[in-house]
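First listed ligand is number 1; within each ligand, the first listed atom is number 1.
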Amino acid sequence: MMTEPLIITCAVTGAELTKEDTPALPITPDEIAASAQAAVAAGASIIHLHVRDEQGKPTQRIDVFKQVTEKIRERCDCIIQYSTGGAVGTPVAERCAPLALKPDMASLSMGSMNFGDDIFENSEQTIRTIAKAIQENGIMPEMEIFDYGMLDNLQRLLKQGALPEKYHVDFVLGVPGGMGGGLKELMLLVERLKPEQSWSVAGVGRYQLPLSTHAITLGGHVRVGFEDNIYYEKGELAVSNAQFVERVVRIAKELNRPVATVSQTREILGL
Ligand code: KMH
Ligand code: ZN
């Protein structure tokens, strides 16, 4: 619905990038919290959260998630969504560990895929294990759909009762190894959802800007941030996560789509 407030998610750091890729990447707990705060001040209402250890390596350690969550909460009100994807190769038990902290939301990937040169493993057993931990902790999942067949996995597992019935859908398009990020690809996916199902799109790299605009006009929601894209324009690195959020807010305004506050986001998602 074009009148429904637009939910902006910011994926502030991810697990696959380093400061070598972009010096603006937030890595320490204070950097991540400050970057989240600035993204929220710019208009984001959900923070998709990965954290790093003392060496800057991706980690699913519960103590680090706790510390970063507290730092974000001290700075601003927002919906915090923990990653259960972790980094490629993170064992499933580690991926589930921070869920004990009961964040508002958690991501849940719907299938295995190539991920650049790596393999992002999400066997049915892995999905069931993570889904169970999400459900037991009363968390709202966001289903990460990287490819067309992952919607079939979602339907099948739902029918089998392996997934919570209430969820948000996020299409992550443009990962090398997953589905491309054109409008046709997005339409194929969106047309399979029930009209009342909330969805967002995260375009990777050069797909981020066009897909964000498509989602705004189609009545979907938008995810931006360094996890998915480090370039503001071709050849020009972004200076901050907030810079991406600010652009989405400007486009939404031009297209007459209001931007959701945190409480409106809670209402839309039924949190
Ligand atoms: N790091 C990627 C391999 C998620 O957060 O749930 C997977 C990922 C998905 O980031
Ligand atoms: Zn992620």
Side-chain angles (χ1 to χ4, degrees), residues 8-18 21 25-27 32 35-36 39 44 46-53 56-61 64-65 68-69 72 79-99 101 103-123 126-131 133-134 137 139-147 150 153-154 157 163-164 167-179 199-205 207-208 221-230 241 244:
I8 303 174
T9 299
C10 191
V12 290
T13 191
E16 314 302 333
L17 296 173
T18 66
D21 296 303
L25 190 75
I27 293 284
I32 292 173
S35 198
I46 302 177
I47 296 298
H48 172 78
L49 192 65
H50 289 254
V51 299
R52 306 294 179 107
D53 66 14
K57 299 243 162 60
T59 179
Q60 292 292 108
R61 264 168 48 201
V64 187
F65 266 93
V68 177
T69 300
I72 296 173
I79 293 155
I80 300 184
Q81 178 190 94
Y82 285 2
S83 167
T84 68
V88 282
T90 308
V92 64
E94 285 177 34
R95 289 167 62 175
C96 293
L99 298 177
L101 297 173
D104 308 285
M105 295 179 79
S107 61
L108 177 55
S109 293
M110 281 294 120
S112 300
M113 61 187 293
N114 288 345
F115 208 94
D117 289 335
D118 300 304
I119 294 176
F120 183 32
E121 184 274 312
N122 293 288
S123 66
T126 294
I127 299 172
R128 283 171 187 280
T129 302
I130 300 173
I134 286 176
N137 286 290
I139 301 163
M140 158 81 85
E142 173 177 285
M143 307 311 193
E144 307 300 330
I145 305 292
F146 294 81
D147 212 339
M150 292 192 193
N153 294 343
L154 172 60
L157 288 163
L163 304 176
Y167 54 86
H168 176 68
V169 171
D170 183 42
F171 300 119
V172 187
L173 302 183
V175 173
M179 203 161 165
W199 62 272
S200 51
V201 66
V204 173
Y207 295 116
Q208 189 168 77
H221 303 281
V222 171
R223 174 173 121 175
V224 290
F226 282 137
E227 174 165 347
D228 306 322
N229 176 34
I230 58 174
N241 279 296
F244 290 122

* **Separation of Ser35 OG from Phe226 CZ (nearest 0.5 Å)** => 6.5 Å
* Of the listed options Ser107, Ala106, Ala87, closest to atom 6 (O) of ligand 1 (non-hydrogen atoms) -> Ser107
* **Sub-2.8 Å protein N, O or S atoms surrounding the Zn ion (ligand 2)** => His48 NE2, His50 NE2, Glu227 OE2
* Can you check whether Phe146 has an N/O within less than 3.5 Å of an N/O in ligand 1? -> no
* Identity and distance of the protein heavy atom lying nearest atom 5 (O) of ligand 1 -> Ser83 OG, 2.7 Å
* **Protein residue, atom and distance nearest to atom 7 (C) of ligand 1, heavy-atom basis** => Phe120 CZ, 3.5 Å
* Asked: How far is atom 3 (C) of ligand 1 from its nearest protein heavy atom, and which residue and atom is that?
  -> Glu16 OE2, 3.3 Å
* Donor-acceptor pair between Thr126 and Ser123 side chains, under 3.5 angstrom -> yes
* Within less than 4.0 angstrom of ligand 1, does Gly86 place any heavy atom? -> yes
* Structure fact -> Separation between CD1 (Ile27) and OG1 (Thr18), nearest 0.5 Å, reads 7.5 Å
* Phe115 heavy atoms, cut-off 4.0 Å: which ligand 1 atoms fall inside? -> 2 (C), 3 (C)
* Structure fact -> SG (Cys96) and CG (Asn137) are apart, to the nearest 0.5 Å, by 9.5 Å
* May I ask you to decide whether Asp53 forms a salt bridge with Arg61, counting only side-chain N to carboxylate O separations under 4.0 Å? => no
* Hey, what do you get for CZ (Arg128) to CG (Leu163), rounding to the nearest 0.5 Å? -> 8.0 Å
* **Check: His48/Ser107 side-chain N/O donor and acceptor closer than 3.5 Å** => no
* About how many Å separate CE of Met110 and CG of Asp170, when rounded to the nearest 0.5 Å? -> 12.0 Å
* To do: Using the six-membered ring wherever Trp is involved, compare the ring planes of Trp199 and Phe171 and label them parallel, tilted or perpendicular (cut-offs 30° and 60°).
  => tilted
* To do: Please lay out, stage by stage, how Thr9 and His221 fare under the test side-chain hydrogen bond (donor to acceptor under 3.5 Å, both in side chains).
  => CA-CA 8 Å; Thr9 299; His221 303 281; over 6 Å; no
* Structure fact -> Interatomic distance, CD@Gln60 vs CZ@Arg95, rounded to 0.5 Å, equals 8.0 Å
* Asked: Under 4.0 Å from any heavy atom of Gly85, which atoms of ligand 1 are there?
  -> 4 (C), 6 (O), 9 (C)
* For atom 10 (O) of ligand 1, what's the nearest protein heavy atom and its distance? -> Glu227 OE2, 2.9 Å
* Sub-4.0 Å atoms of ligand 1 with respect to non-hydrogen atoms of His50 -> 5 (O), 10 (O)
